Engineer: 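Just passing along the structure, written as structure tokens.
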Amino acid sequence: MGKSKLEFYAKITTSDGREITKRVEEEIPDDPNLYDLEEFMSTLDDYERHALKARNGICEGITQAWLEQAKKGGLILRKRPKS
């Protein structure tokens with residue numbers, strides 16, 4: 001049997017209808033032991049580390065893809081006007 005996996009999917013739909021999608025997958029611990037508090041807490045800690053890594057990865061990936069798409073489309077970055 002394979003390892004359990006946590007998957008995050010992200011999609012940005014641009015104003016002109018284009019879709020940018022990304023997927024990140026991260027292995028997570030199998031079968032937490034609910035009867036041993038110390039072991040359970042260790043497994044939960046491991047799960048949280050993997051979940052945060054996946055979350056950060058999907059945010060980085062979709063943002064990078066969005067910026068690349070914007071670059072191809074000729075997005076012009078301007079300074080904010082001073083208030």
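Heads up: numbering here begins at 1 and tracks the sequence. In this text, all values refer to a predicted model and were calculated from it rather than measured experimentally.
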Engineer: Could you go step by step and tell me if Lys5 and Glu25 meet the salt bridge (Lys or Arg N to Asp or Glu O under 4.0 Å) rule?
Structural biologist: CA-CA 6 Å; Lys5 293 181 182 178; Glu25 183 178 285; 3.2 Å; yes

Engineer: More than 12 heavy atoms of other residues, nucleotides or ligands under 6.0 Å from CD of Glu7: yes or no?
Structural biologist: yes

Engineer: Sequence neighbours excluded, which residues qualify as side-chain contact (heavy atoms from CB on, under 4.5 Å) partners of Asp45?
Structural biologist: Glu48, Arg49

Engineer: Given 3.5 Å as the limit, does a donor-acceptor pair link the side chain of His50 with the main chain of Ile28, or not?
Structural biologist: no

Engineer: Which atoms form the tightest heavy-atom contact between Phe8 and Ala51, and what is the distance?
Structural biologist: CE1-O, 3.7 Å

Engineer: Give the minimum heavy-atom separation between Ala54 and Glu26, together with the two atoms involved.
Structural biologist: CB-CB, 3.9 Å

Engineer: What are the two closest heavy atoms between Thr14 and Ile20, and how far apart are they?
Structural biologist: CG2-CD1, 4.1 Å

Engineer: Is a donor on one side and an acceptor on the other found under 3.5 Å between the side chain of Asn33 and the backbone of Glu39?
Structural biologist: no

Engineer: Which atoms form the tightest heavy-atom contact between Lys11 and Thr21, and what is the distance?
Structural biologist: CG-CG2, 3.7 Å

Engineer: Closest approach of Ile58 and Ala10, non-hydrogen atoms and distance?
Structural biologist: CG1-CB, 3.7 Å

Engineer: To the nearest 0.5 Å, tell me how far Tyr47 OH sits from Ser42 OG.
Structural biologist: 15.5 Å

Engineer: Starting at CG of Asp36, measure out to CD of Glu38 and round the result to the nearest 0.5 Å.
Structural biologist: 6.5 Å

Engineer: Please answer: with hydrophobic residues joined when any side-chain heavy atoms are less than 4.5 Å apart, are Ile62 and Leu6 in the same cluster?
Structural biologist: no

Engineer: Looking only at heavy atoms, which two atoms of Thr13 and Glu19 are closest? And how far apart?
Structural biologist: OG1-CG, 3.9 Å

Engineer: Got a donor-acceptor contact below 3.5 angstrom from the Thr63 side chain to the Cys59 backbone?
Structural biologist: yes

